[in-house]
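Here the structure is laid out as structure tokens; the discussion comes afterwards.
A quick note: this is a predicted structure, and the numbers were derived from the prediction, not measured.
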Amino acid sequence: MGKSGLHISHWGTFAANTEGGRITSVTPYAGDPDPHRIIENVVDAQQHPARIDRPYVRRGWLEDGPGRTDKRGRDEFVPLEWNEALDLLAGELSRVYRNFGAEAVYGGSYGWSSAGRFHHAQSQLKRFLAAAGGYTQSVNNYSFGASGPFLPHVIATESQWETEATTWKSISENAELVIAIGGLPRKNSAIANGGAISHDLLPWLHACRDNGIELVNVSPLRDDVSAELGATWMSIRPATDGALLQAIAHTLIEEGLYNKEFVANYCVGYDLFAESVHDKTPEWAAEICGIEAGAIRDLARLMAEKRTFLTMSWSMQRQQYGEQTMWLGVCVAALIGDIGLPGGGFGHGYASTNRVGHSEMLFGLPTFSKGHNPVRTYIPVSRIADMLLQPGETYTYDGKTLTYPDIKVVYWAGGNPFHHSPDLKKLREAFGRPDTVVVHDSMWTSTARHADFVMPATLSVERDDLGAAITEDALIPMHKIVEPFAQAHDDYDILRGLASRLGCDDEFSSGRTSIEWLEEMYTKWEGKYAARGHQLPSWQEFWDKNEPLDVPKRDKDRIMHTEFRADPQAHPLRTPSSKIHLQSDEIESFGYDDCPGTPTWFAPTEWAVRDDFPLTMIANQPKTRLHSQLDVGGYSAESKIKGREPMRMHPADAAERGIADGDVVKVRSVRGSLLAGVAFSDDLMRGVVQLSTGAWYDPDEDGNCIHGNPNVLATDIPVSKFSRSNVGQHVQVEVEKFDGELPPITVWGPPKIAIRS
Ligand code: PGD
């Protein structure tokens, strides 16, 4: 029996108890004020039957060679020896680089991978592909792929609204009213990209409550703000927040309550904006969003009276026309005029992870370079299926016209597109197009099953690393806890094996082992702090001590845009006019009918099918795991109902359909269907069901999911012609009781493995 040092995951920091080389339990870090149970998933996952034990190649690829096929995701796999796998794959990469050039290799490889600064699979892959010749890249992300490129045109760049966001300290001490559009869900703040150490959301929200701050949760889900905070719940129909915001703006203007001085000095485009909301009365909005007109007026008046902080969750823009919704939030915050004042203004993504609103490390974290990618071609990340299905086709993005490249190799490490991509049947078809698909993962996820080459990666508990999220107070030395499962290798070593075969090992590895890289990264980082007068221990001391290292942080009392407010000439915004845009000639000049230059609310096109699919599904982030990671782990598994992902439903909506609590149901959309287990809840408004993402896609013969992955239902249309981001948050569905024989879940074990002849 043993107890490990601390280990860090995106969802928390823990020590592990081990016995006979296995993890038997985990204990949360004592310094975490609000640990989350997700850390428990690590225990069962490490030796789970779903682990990939060795390299594999798809039988069809081995027998027929590379090429277009409909067998991916349906074929069996042939086990390979490591050298054989690396030789075969290196040969295929050489063929493609030689015959088609580097643009034909897609290395966008989106995904969260694992915590740990060095063994970050996606970064390792990018460095390797850069050294091998280059790759087609992706830009933006699935989290805030619309607001990321859009907000810089009207108010703030990503680095501003993320890194320079007003801190919770300032909000809790100075705000009088916090309006949370999309709520402030504790479950989402469980995670932090890079590794969560201290979960502070609840303590900060308790401070807000104790200081008498009024909290308003604008969401179809009551529990998007924890019950004990006593928030006012404004239950709003999904995808109608833009209409609510237009009506608030209308009231502020109509009643002369807006801050004229702020608008005159810090904004452009007021006249056109005011004209655009002229007829957007609270009565008009009430019909759309289901909130009474009087309540909308009262809210607008309250906002004008009190120091107001208006924050919008990332989910607000993971919807069709998401840029416009975000922009309307900016406009309302600007009309209120508290931007740049203590505890007031506009925020985006507070509680969407454990990041926004926390101060950051003074001079960043240890890093390594992803090398130089000579290929300039890129796609907005959510356009993966369109790219594979429509090579050579042109499309718009952020004022530009781009062309989809012709991809021959798709190489993925540390992501699960068969989790994250809406419209999984379309993705399946798209994954049939390239010559070769390569996946590194620790688990037989659905993405691994749709690959030709499957390379078994270690879990973070099986390797040495160092880590923390940028908003933490400490850096954690992550000593390996257990030996790698079966023949799993670190991504770095797999890629090194390929690099040496392709003749680019020097460029990729610089001749270093993993531990030498950790030393190199730490030493450079420590030097950066030392040069600025902050003495940190040497690498050897840090590593040997095996304890969290305190790292100095930037000011904890920051207010976004305070300098701009103090002197807009000396501290201009990086928008075209240097001010906040309530209207934009630049956006108008792009000519996108779905993203015009004066912000407005549009009804989602999916509403056209409401007669047949009357319920709106909210496909949001899960409580029991991060995305799809470790879905097989104990905490995630225990939430399933008859082996299916739980779907919350209002008892009255269920009663109308003859559905009982705990029933398995078939959920249908225009695009497909899935099975889920029903959990009754009156925390949802009527007409809404909620099914979290992340149940591993387990397709039947027609590609419908027997396990409960909502992306088989969701549409792959873009947010708009501007950002081309994903709209997975909402889909129209109908639900019926499933009375058939329940098919067994197959995705939690290995796929069919061929006996080698
Ligand atoms: P994860 O489940 O985190 O999902 O999509 P993302 O692809 O990031 O996938 C990470 C994968 O990496 C897992 O399969 C894990 O096993 C693997 N992995 C972990 N560590 C390692 C490692 O060290 N090496 C290797 N090789 N593999 C590793 C997330 C994406 O989903 C995001 S960010 C958002 S915000 C989106 N949200 C929604 C949504 O709200 N609604 C819908 N319908 N869909 C969404 N999809 C998006």
Side-chain angles (χ1 to χ4, degrees), residues 45-62 69 71-80 82 85-86 88-89 92 106-114 121-122 124-125 384 388 409-421 424 427-428 430-432 434 436-460 462 484-491 494-495 498 625-633 636 693-699 703 705 707 709 711-712 745-754:
Q46 200 257 332
Q47 300 267 338
H48 196 275
R51 285 298 299 268
I52 305 170
D53 59 346
R54 59 184 301 160
Y56 289 93
V57 64
R58 188 175 61 77
R59 178 186 274 292
W61 195 97
L62 195 62
T69 175
K71 286 198 182 146
R72 287 192 187 106
R74 298 171 175 93
D75 217 347
E76 53 186 17
F77 286 90
V78 180
L80 296 177
W82 264 113
L86 292 169
L88 257 187
L89 179 52
E92 171 60 357
Y106 181 65
S109 185
Y110 180 75
W112 267 58
S113 309
S114 290
Q122 195 193 123
Q124 289 292 351
L125 177 64
I384 171 76
L388 296 175
V409 167
V410 169
Y411 204 138
W412 225 288
N416 188 3
F418 279 87
H419 148 63
H420 67 229
S421 211
L424 293 176
L427 188 71
R428 265 194 138 188
F431 261 58
T436 299
V437 176
V438 190
V439 170
H440 296 195
D441 207 300
S442 328
M443 302 279 182
W444 278 112
T445 63
S446 200
T447 303
R449 287 160 199 266
H450 283 79
D452 299 311
F453 284 88
V454 180
M455 305 301 225
T458 47
L459 290 174
S460 66
E462 297 166 348
F485 175 77
Q487 294 185 36
H489 284 187
D490 296 349
D491 294 287
I494 300 171
L495 296 168
L498 288 172
R625 58 184 174 257
L626 163 63
H627 308 311
S628 70
Q629 292 202 34
L630 309 187
D631 185 29
V632 298
S636 173
T693 64
W696 289 358
Y697 177 47
D698 201 340
C705 182
H707 187 194
N709 183 326
N711 275 326
V712 79
I745 301 294
T746 64
V747 74
W748 278 10
K752 214 162 163 211
I753 304 296

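A donor-acceptor pair is defined here as one N or O able to donate and one able to accept, closer than 3.5 Å; such a pair exists between the side chain of Gln122 and the backbone of Gly111. With hydrogens and angles ignored, the 3.5 Å screen pairs no side-chain donor or acceptor of Arg72 with any backbone N or O of Arg58. A side-chain donor-acceptor contact under 3.5 Å links Gln629 to the backbone of Ser113. In terms of modelled atom types and a separation under 3.5 Å, the side chain of Asp75 and the main chain of Gly60 share a donor-acceptor contact.
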Q.
Working note: Cys705 + Leu424, criterion side-chain contact (heavy atoms from CB on, under 4.5 Å); need CA distance, chi angles, decisive distance, verdict.
A. CA-CA 9 Å; Cys705 182; Leu424 293 176; over 6 Å; no
Q. Hey, mind stepping through His419 and Thr445 against side-chain contact (heavy atoms from CB on, under 4.5 Å) and telling me if it holds?
A. CA-CA 9 Å; His419 148 63; Thr445 63; over 6 Å; no
Q: Please step through side-chain contact (heavy atoms from CB on, under 4.5 Å) for the pair Leu86 and Ile494, ending with a clear verdict.
A: CA-CA 8 Å; Leu86 292 169; Ile494 300 171; 4.3 Å; yes
(Q) Run the salt bridge (Lys or Arg N to Asp or Glu O under 4.0 Å) test on Arg625 and Asp631 for me, step by step, so that the C-alpha distance in whole Å, both residues' side-chain angles and the decisive distance to 0.1 Å come before the verdict. (A) CA-CA 7 Å; Arg625 58 184 174 257; Asp631 185 29; 3.0 Å; yes
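The minimum heavy-atom distance between Leu89 and Met455, with the atom names listed, is CD2-CE, 3.7 Å. Val454 approaches Ala448 most closely through the heavy-atom pair CG2-O, 3.4 Å. Among all heavy-atom pairs drawn from Arg59 and Glu76, the shortest one is NE-OE2, 2.7 Å. The two residues Pro484 and Thr458 make their nearest non-hydrogen contact at CB-CG2, 3.7 Å. Across all non-hydrogen atoms, the minimal contact from Ala488 to Arg51 is CB-NH2, 4.0 Å. Contact record, Met443 with Ala45: CE-O, 3.5 Å, taken as the closest heavy-atom pair.
Two residues are said to be in side-chain contact when any heavy atoms from C-beta on lie closer than 4.5 Å; Pro417 and Leu427 meet this criterion. Side-chain contact between Pro456 and Pro55 is present, with at least one heavy-atom pair separated by less than 4.5 Å. Side-chain contact check for Ser636 versus Leu630: every heavy-atom pair is 4.5 Å or farther apart. Here the side chains of Phe453 and Leu88 are in contact, with some heavy-atom distance below 4.5 Å. For the pair Thr447 and Asp441, the minimum side-chain heavy-atom distance is 4.5 Å or more.
Considering CG of Asp53 and OG of Ser442, their distance stands at 12.5 Å, rounded to 0.5 Å. Here Leu125 contributes atom CG and Leu498 contributes atom CG; the two are 10.0 Å apart, rounded to the nearest 0.5 Å. Taking NE2 of His48 as the start and CZ of Phe485 as the end, the distance is 10.5 Å to the nearest 0.5 Å. In this structure, Tyr697 OH and His450 NE2 are separated by 6.0 Å, a value rounded to the nearest 0.5 Å. Put simply, CG on Asp491 and CD on Gln124 are 7.5 Å apart, with the number rounded to the nearest 0.5 Å. To the nearest 0.5 Å, atom CZ of residue Arg54 and atom CZ of residue Phe77 are 14.0 Å apart.
No option in Trp112, Tyr110, Trp696 other than Trp112 meets the ring-ring contact (aromatic ring centres under 6.0 Å, His included) test with His627. Looking at Phe431, Trp444, Trp412 one by one, the single match for ring-ring contact (aromatic ring centres under 6.0 Å, His included) with Phe418 turns out to be Phe431.
Centroid-to-centroid, the aromatic rings of Tyr411 and His440 come within less than 6.0 Å.
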